[in-house]
Amino acid sequence: MRLPERVLTIVVVAVMAGLVIVPTAQVIMRSVFGLPFIGAEELTRFLLICLVFLAYPLVVGHGENIVMGEFKAAMSRKARAIVNVAISICAIGVTGFIGWVTAMNIIRNLTNATPTLGIPFWIFLGATLFGFAGAALVHLLHLRKPPQADKNVAV
């Protein structure tokens with residue numbers, strides 16, 4: 001595993017651990033100590049958003065995104081190669097565009113923050129920007145060798 005992928009995997013695991021720890025801490029604080037964990041819901045929501053978007057480049061990098069294996073298996077080898085390249089080009093365009101739109105939203109809302117915890121908007125949407133920009137980069141790298149393994153999961 002390459003270093004950036006390993007570091008990102010560690011970050012994703014840490015976010016996932018936080019996603020388990022925060023609600024658990026809230027339950028313990030309310031049940032045992034009778035104290036509310038103010039902002040736990042917002043923090044949990046933030047961690048879930050971060051988990052999804054930070055893990056997105058890892059999913060793309062491993063070729064684990066959804067493919068139409070049965071449809072592609074029915075194609076000739078040349079048609080399948082053309083479809084794989086077309087999928088990568090479309091994916092670069094879509095993920096790059098969403099990353100750009102997210103960056104523009106961050107720039108336009110630099111002074112905004114979440115209501116309870118006051119998480120700055122750029123941090124809140126930073127994971128989204130990272131996920132889509134990272135996925136666009138991974139798709140760009142896949143143009144050299146498309147990773148689609150034509151996984152056919154039909155029984």
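Just so it is clear, the model here is predicted, and its values are computed rather than measured.
- Looking at every heavy atom in both residues, Pro57 comes nearest to Ala135 through CG-N, 3.9 Å.
- Atom CD1 of Ile92 sits about 8.5 Å away from atom CG of Leu141, to the nearest 0.5 Å.
- A distance of 11.0 Å separates OG1 in Thr9 from CG in Leu54, rounded to the nearest 0.5 Å.
- Following chains of ILVMFWY side-chain contacts shorter than 4.5 Å, one cannot reach Phe33 starting from Val27, and the two form parts of different hydrophobic clusters.
- The line from NE2 of His142 to CD1 of Ile87 is 13.0 Å long, rounded to the nearest 0.5 Å.
- Under a cut-off of 6.0 angstrom, the local environment of CD1 in Ile38 is sparse, with at most 12 non-hydrogen atoms contributed by other residues, nucleotides or ligands.
- The shortest heavy-atom contact between Glu5 and His62 is OE2-NE2, 2.5 Å.
- For the pair Leu129 and Gly99, the tightest heavy-atom approach, listed with the atom from each and the gap, is CD1-O, 3.1 Å.
- Criterion: ILVMFWY side-chain heavy atoms under 4.5 Å apart, direct or through other members. Under it, Val22 and Ile28 are part of a common hydrophobic cluster.
- Rounded to the nearest 0.5 angstrom, Leu43 CG and Leu47 CG are separated by 4.5 Å.
- The structure places CD1 of Ile89 at 11.0 Å from CG of Asn84, a figure rounded to the nearest 0.5 Å.
- Linking ILVMFWY side-chain heavy atoms closer than 4.5 Å, directly or via other members, places Val52 and Val59 in two distinct hydrophobic clusters.
- In terms of hydrophobic clustering, with Ile, Leu, Val, Met, Phe, Trp and Tyr side chains grouped at heavy-atom distances under 4.5 Å, Val12 and Ile21 are assigned to different clusters.
- Annotation for Cys50 and Val15: closest pair CB-CG1, 4.2 Å, computed over non-hydrogen atoms.
- Between the Thr114 side chain and the Ile119 main chain, a donor and an acceptor come within less than 3.5 Å of each other.
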Assess whether side chain to side chain contact (heavy atoms under 4.5 Å, CB included) is satisfied between Phe46 and Ile123, documenting all intermediate values. CA-CA 10 Å; Phe46 172 67; Ile123 292 176; 3.8 Å; yes

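- Annotation: side chain of Leu110 is not in contact with side chain of Phe121 (no heavy-atom distance under 4.5 Å).
- The hydrophobic clustering, which links ILVMFWY residues whose side-chain heavy atoms are closer than 4.5 Å, places Leu125 and Phe130 together.
- Applying the side chain to side chain donor-acceptor pair (under 3.5 Å) criterion to Asn105, with sequence neighbours excluded, gives no partner residue.
- Between Leu48 and Leu19, the shortest heavy-atom distance links the atoms N-CD1, 3.8 Å.
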Output, in order, the C-alpha distance, side-chain angles, deciding distance and verdict of side chain to side chain contact (heavy atoms under 4.5 Å, CB included) for Val138 and Thr95. CA-CA 10 Å; Val138 171; Thr95 54; over 6 Å; no

Residue pair Glu41, Thr116: steps toward the side chain to side chain contact (heavy atoms under 4.5 Å, CB included) verdict: CA-CA 9 Å; Glu41 294 85 5; Thr116 306; over 6 Å; no

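- A donor-acceptor pair under 3.5 Å is formed between the side chain of Glu42 and the backbone N or O of Leu117.
- A side-chain contact (heavy atoms from CB on, under 4.5 Å) with Asn109 is found for exactly one of Ile106, Asn112, Thr111, Ile107, namely Asn112.
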Assess whether side chain to side chain contact (heavy atoms under 4.5 Å, CB included) is satisfied between Arg30 and Leu35, documenting all intermediate values. CA-CA 5 Å; Arg30 284 183 186 230; Leu35 299 171; over 6 Å; no

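- Across all non-hydrogen atoms, the minimal contact from Gly18 to Pro23 is O-CD, 4.2 Å.
- Note on ring orientation: taking the six-membered ring where Trp is involved, the planes of Tyr56 and Phe132 are perpendicular (angle over 60°, cut-offs 30° and 60°).
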